[in-house]
Novice: 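This is the structure I have questions about; it appears just below.
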Amino acid sequence: MSWLGGALLLGVMVAVDLVLGRQINGAYAGAAVLTAINADVRRTASVAGLALLASVASGTWNDNLGERDWAIRFATCVLICALALIAADANHRRSERLARTTALAQRMLDALAVELTGARTVKEVTDGFLGHAMGTLGATSAMVLSLDADGVLRTLSWHGRAGDGADHYQEVPVSSDLPGAVATRQRTDMHFRSLTEIVAAFPDLAGYYPSDRSLHLLPLHREDTTYGLLAITFPPDLFTPHEDGFLHSLAGALTSAMRRAVELQDQDGATQRTVLLAEASMSLSRSLDMDTTLAEVGRLLVPRFADWCSLQLLNDGRLETVALQHRDPATTEWARSLMGAFPTRMDAPHGAANVVRSGQSEIYPYIPSEVMEATAASAEHLALVRRLGLTSALIVPLTGRDGGVVGTLTLIHAESGRRYSDEDGAFLEAVADRVAVALDTAVTFEHQSERLAGVILVAEAAQRAILAPPPARVGPVALSARYLSAAREAQIGGDLYEVVRGPSSVRLLVGDVRGKGLSAVRTATVVLGEFRAAAANNGDVAHVAREIDRRIVPYLPDAEDFVTAILVDIESDGRFDVVSCGHPAPVLLSTSGDVDPVELDHSPPLGLGVDPVIGRGKLADGDRLLLFTDGLIEARTPTGAFVDSALFLPSVGQAEFHTALDGLLASLKQAAGHALDDDLALLLACYDPH
């Protein structure tokens, strides 16, 4: 409302002029001056116009219009009104700039408050800040560089890169004559309003920027410490010298946010190291397979502790990459496709080769260009490494049980922008110790597995040699047998079966030797031999059982060893006798699907002194008798419950004879949901006199 005050002042001065008769028309411009203090140009011009009209009118009522005194006063009024208009315009422009700067500041602060609240790394802070600088402030490009201990500014974040030429400014020595280096060295803000000013001050930048712009270089520092540099460009005239203070304040806010992020990174890193080391101890100790161990190393460390993870092992004096992992699966596949293209230089003065030679870890909080050049296998390799934007690296040796270095574990930060510290080095060395033990265990396990596989093959060959398939038919009886090994560490079981033609019948044996391994196979061989000898003579199956019991005792490895067995004698008319020596009774299966366990009195197992009681039955045409070892009735489901094998038996009596046992085994495995835990011998006899 200041223009009303100006108008009121003008009215008062006109009244004084009229009432007192003292001409003061030159002072009428004071009303325009008062208006210009707070009003815009338009209102100031209105009051100034009224003042000039009143000044002319003053000459009329004072009868001196056009005279010298009036003219001097009128000229004074015109001059002061003009100055008032100029002041009003300046005030208006200043107010607009202030309002714009205030609005920008508020928008930036609001955006950053949301963005930086969840940021816990320097990279997240700088990316968020530059993103809003580009969007909110209208910047053409913006970058943040950190000042490292070697006096080099290295890029942390860069939005609006200017193409391949930008690669020359990824690293800027503070001692150089580039704009950012000068500003950082002098710890002074530098502002260039146009491309002409930039090139005039730094001719080497001629042709770098594709269009005209202003350049603002703002060192990031607190007290005596310089943390880096904010370099930002705008379209020309978007930011004037009056707003340089605003940009300086933004740089101060960024510095504070970066310092806070560094503290959060340190806190998070300490927590992460503790958790990850405990997890590594548990997960790596469970792995016995080389591929599983290698995959677990990558899973543990990427992306929580690295953007890249590489594990190399020595082979004939050369380092071979056996595992490579990146936080992005597609990038991982691309990198793995290049693993053989750039072999490690074993004479390199830095990097994995030197860690192998020295046995000492190498920590690079930042990666100097000379290290990249020294370790690169070729110029193509160097260009590729530089394009990856690596920011920090950590290489530790893998030490074998004999104390020698067997390989290296390398972690790299790239797009995350994080940096490794000495604390990280100590942590990774502890992880590497666990990795080395896990790899050594996996290698040992593979060697032992190969050896064990050979032993198992020998044991299985020995067992199968004594368990030859029975003939398809003996007299009126069709025969089918299956043996399923559940071998664990060459512990072959002693399950056995045999078929012998007796003087007037077909005699069957199914048994199970107590114990495992080759000694059990040897005992089974003795039992089968004695059964063949005893079954060929006259005498019922009880007599055969007693003969076997008597003859095998000298061959049992231990006084407490024994053999469970079921013996069956099938006559030509279908009648059968059966005795059990501590063994499960056979099952009678009819073509109608009926399942009838044979009722028996059980005597002790063979080798413990037997005198079995004979059980008797009769087989009709097509009836089947199933003899089996305890692997059938002791199979368990994944939850630990026993499998109800009785559910599968009706189909054994009705299925095609020569494939009936295959169906039984398939159903049993499916119900168990895993490999069986015990050996299983099956012998199926079908009475088929025709």
Novice: How far does CG of Asn354 sit from CG of Asp347, to the nearest 0.5 angstrom?
Specialist: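 Here the rounded value is 11.0 Å.
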Novice: Is there a side-chain contact between Leu588 and Leu619 in this structure, where contact means two heavy atoms from C-beta onward sitting under 4.5 Å apart?
Specialist: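 Yes, their side chains come closer than 4.5 Å.
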Novice: For the pair Ser392 and Ile363, evaluate side-chain contact (heavy atoms from CB on, under 4.5 Å) and give the outcome as yes or no after the intermediate values.
Specialist: CA-CA 8 Å; Ser392 186; Ile363 303 175; over 6 Å; no
Novice: Return yes if some donor-acceptor pair links the side-chain N/O of Arg482 with the main-chain N/O of Leu661 below 3.5 Å, else return no.
Specialist: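 No; zero donor-acceptor contacts below 3.5 Å.
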Novice: Donor-acceptor pair, Arg473 side chain versus Asp688 backbone, under 3.5 Å?
Specialist: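 Between the backbone of Asp688 and the side chain of Arg473 there is a qualifying donor-acceptor contact (under 3.5 Å).
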Novice: Is the shortest side-chain heavy-atom distance between Leu313 and Glu320 below 4.5 Å?
Specialist: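 Leu313 does not reach Glu320 side chain to side chain.
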Novice: Within the 4.5 Å heavy-atom criterion, are Ser603 and Asp611 side-chain neighbours or not?
Specialist: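 No, too far: nothing below the 4.5 Å cut-off.
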Novice: For residues Arg336 and Gln325, is any side-chain donor paired with an opposing acceptor at under 3.5 Å?
Specialist: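 Yes.
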Novice: What are the two closest non-hydrogen atoms of Val579 and Ala545, and how far apart are they?
Specialist: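 Taking every non-hydrogen atom into account, CG2-CB, 4.4 Å.
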Novice: Taking the side chain from His602 and the backbone from His583, do they hold a donor-acceptor pair closer than 3.5 Å?
Specialist: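 Confirmed, His602 side chain pairs with His583 backbone.
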Novice: Indicate yes or no for a side-chain donor-acceptor contact from Arg551 to the backbone of Phe531 under 3.5 Å, with no hydrogens or angles considered.
Specialist: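 Not at all, since once roles are kept as given, no pair shorter than 3.5 Å links the two residues.
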Novice: Evaluate the criterion side-chain contact (heavy atoms from CB on, under 4.5 Å) for residue pair Glu296 and Leu300; output intermediate values, then yes/no.
Specialist: CA-CA 6 Å; Glu296 186 65 10; Leu300 283 169; 4.1 Å; yes
Novice: With the side chain counted from C-beta on, respond yes when Val356 and Leu319 share a heavy-atom pair under 4.5 Å apart, and no when they do not.
Specialist: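 Val356 reaches Leu319 side chain to side chain.
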Novice: Mind checking the CD1-CZ spacing from Ile548 to Arg532? Nearest 0.5 Å is all I need.
Specialist: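 If we round to the nearest 0.5 Å, Ile548:CD1 and Arg532:CZ are 11.0 Å apart.
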Novice: Using atom types as modelled and distance alone, determine if a side-chain donor or acceptor of Asp549 lies under 3.5 Å from a backbone N or O of Leu606.
Specialist: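 No: the side chain of Asp549 does not pair with the backbone of Leu606.
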Novice: Check whether any side-chain heavy atom of Leu484 lies under 4.5 Å from a side-chain heavy atom of Leu668, and answer yes or no.
Specialist: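 They are not in side-chain contact.
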Novice: Go through the steps to decide whether Phe427 and Phe305 satisfy the test ring pair (Phe, Tyr, Trp, His ring centres under 6.0 Å), and finish with yes or no.
Specialist: CA-CA 11 Å; Phe427 155 77; Phe305 203 69; 4.5 Å; yes
Novice: Does the side-chain contact (heavy atoms from CB on, under 4.5 Å) test come out yes or no for Ile570 and Ser505, once each step is laid out?
Specialist: CA-CA 5 Å; Ile570 303 177; Ser505 62; 5.8 Å; no
Novice: Within a reach of under 6.0 Å around CZ of Phe342, are more than 12 heavy atoms found that belong to other residues, nucleotides or ligands?
Specialist: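 Above 12, so yes.
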Novice: Side chains of Leu428 and Tyr420: does their closest heavy-atom pair fall under 4.5 Å?
Specialist: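 They are not in side-chain contact.
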Novice: Quick one: closest heavy-atom pair of Gly317 and Met346, and the distance?
Specialist: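 Between these two residues, the closest heavy atoms are O-CE, 3.6 Å.
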Novice: Tell me the closest heavy-atom pair linking Val477 and Ala685, and the distance in Å.
Specialist: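 The answer is CG1-CB, 3.7 Å.
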Novice: Answer yes or no: is there a donor N or O on one side and an acceptor on the other, between the side chain of Glu362 and the main chain of Ile395, under 3.5 Å?
Specialist: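 Checking the backbone N and O of Ile395 against the side chain of Glu362, no donor-acceptor pair under 3.5 Å is found.
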Novice: CZ of Phe628 to CG of Leu680: how many Å apart, nearest 0.5 Å?
Specialist: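 Reported to 0.5 Å precision, the distance equals 9.5 Å.
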Novice: Just how far is it from atom SG of Cys686 to atom CG of Leu626, taken to the nearest 0.5 Å?
Specialist: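 Going from the SG atom of Cys686 to the CG atom of Leu626 covers 12.0 Å.
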Novice: So do Met290 and Leu439 actually touch side chain to side chain, heavy atoms under 4.5 Å?
Specialist: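 They are in contact (side-chain heavy atoms under 4.5 Å apart), so the answer is yes.
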Novice: About how many Å separate CE of Met339 and CG of Leu324, when rounded to the nearest 0.5 Å?
Specialist: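 Answer for the CG-CE pair, Leu324 versus Met339, is 6.5 Å.
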Novice: What closest approach, in Å, do Pro586 and Leu600 show between heavy atoms, and which atom pair accounts for it?
Specialist: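 Result for this residue pair: CD-CD1, 4.0 Å.
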Novice: Between Asp307 and Ala414 (side chain of the first, backbone of the second, donor and acceptor by atom type, cut-off under 3.5 Å), is there such a pair?
Specialist: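 A pair under 3.5 Å: yes.
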Novice: Would you check if the side chain of Asn315 reaches a backbone N or O of Arg318 as a donor-acceptor pair within less than 3.5 Å?
Specialist: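 Not at all, since once roles are kept as given, no pair shorter than 3.5 Å links the two residues.
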Novice: Just by modelled atom types, is the Leu684 backbone N or O under 3.5 Å from a matching donor or acceptor in the Arg624 side chain?
Specialist: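 No.
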Novice: Decide yes or no for Cys581 and Pro604: does some side-chain heavy atom of the first lie under 4.5 Å from some side-chain heavy atom of the second?
Specialist: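 Not in contact.
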Novice: Measure across Pro476 and Val506 and return the closest heavy-atom pair with its distance rounded to 0.1 Å.
Specialist: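 For Pro476 and Val506, the tightest heavy-atom pair comes out as CD-CG2, 4.4 Å.
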Novice: Could you tell me if Asp512 and Thr629 have a donor-acceptor pair between their side chains, going purely by distance under 3.5 Å?
Specialist: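 Distance-only check fails for Thr629 and Asp512.
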Novice: Closest heavy-atom contact between Glu530 and Ile552?
Specialist: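 Residues Glu530 and Ile552, closest heavy atoms: CG-CG2, 4.0 Å.
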Novice: Measuring from atom CG of Asp573 to atom OH of Tyr687, what distance do you get when rounded to the nearest 0.5 angstrom?
Specialist: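 The OH atom of Tyr687 is 6.0 Å from CG of Asp573, to the nearest 0.5 Å.
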Novice: Test salt bridge (charged side-chain N to carboxylate O under 4.0 Å, His left out) on Glu571 and Arg616 and set out the steps.
Specialist: CA-CA 11 Å; Glu571 300 288 345; Arg616 292 184 169 84; over 6 Å; no
Novice: Just do the side-chain contact (heavy atoms from CB on, under 4.5 Å) check on His326 and Val302 with the steps written out, would you?
Specialist: CA-CA 7 Å; His326 183 263; Val302 177; 5.7 Å; no
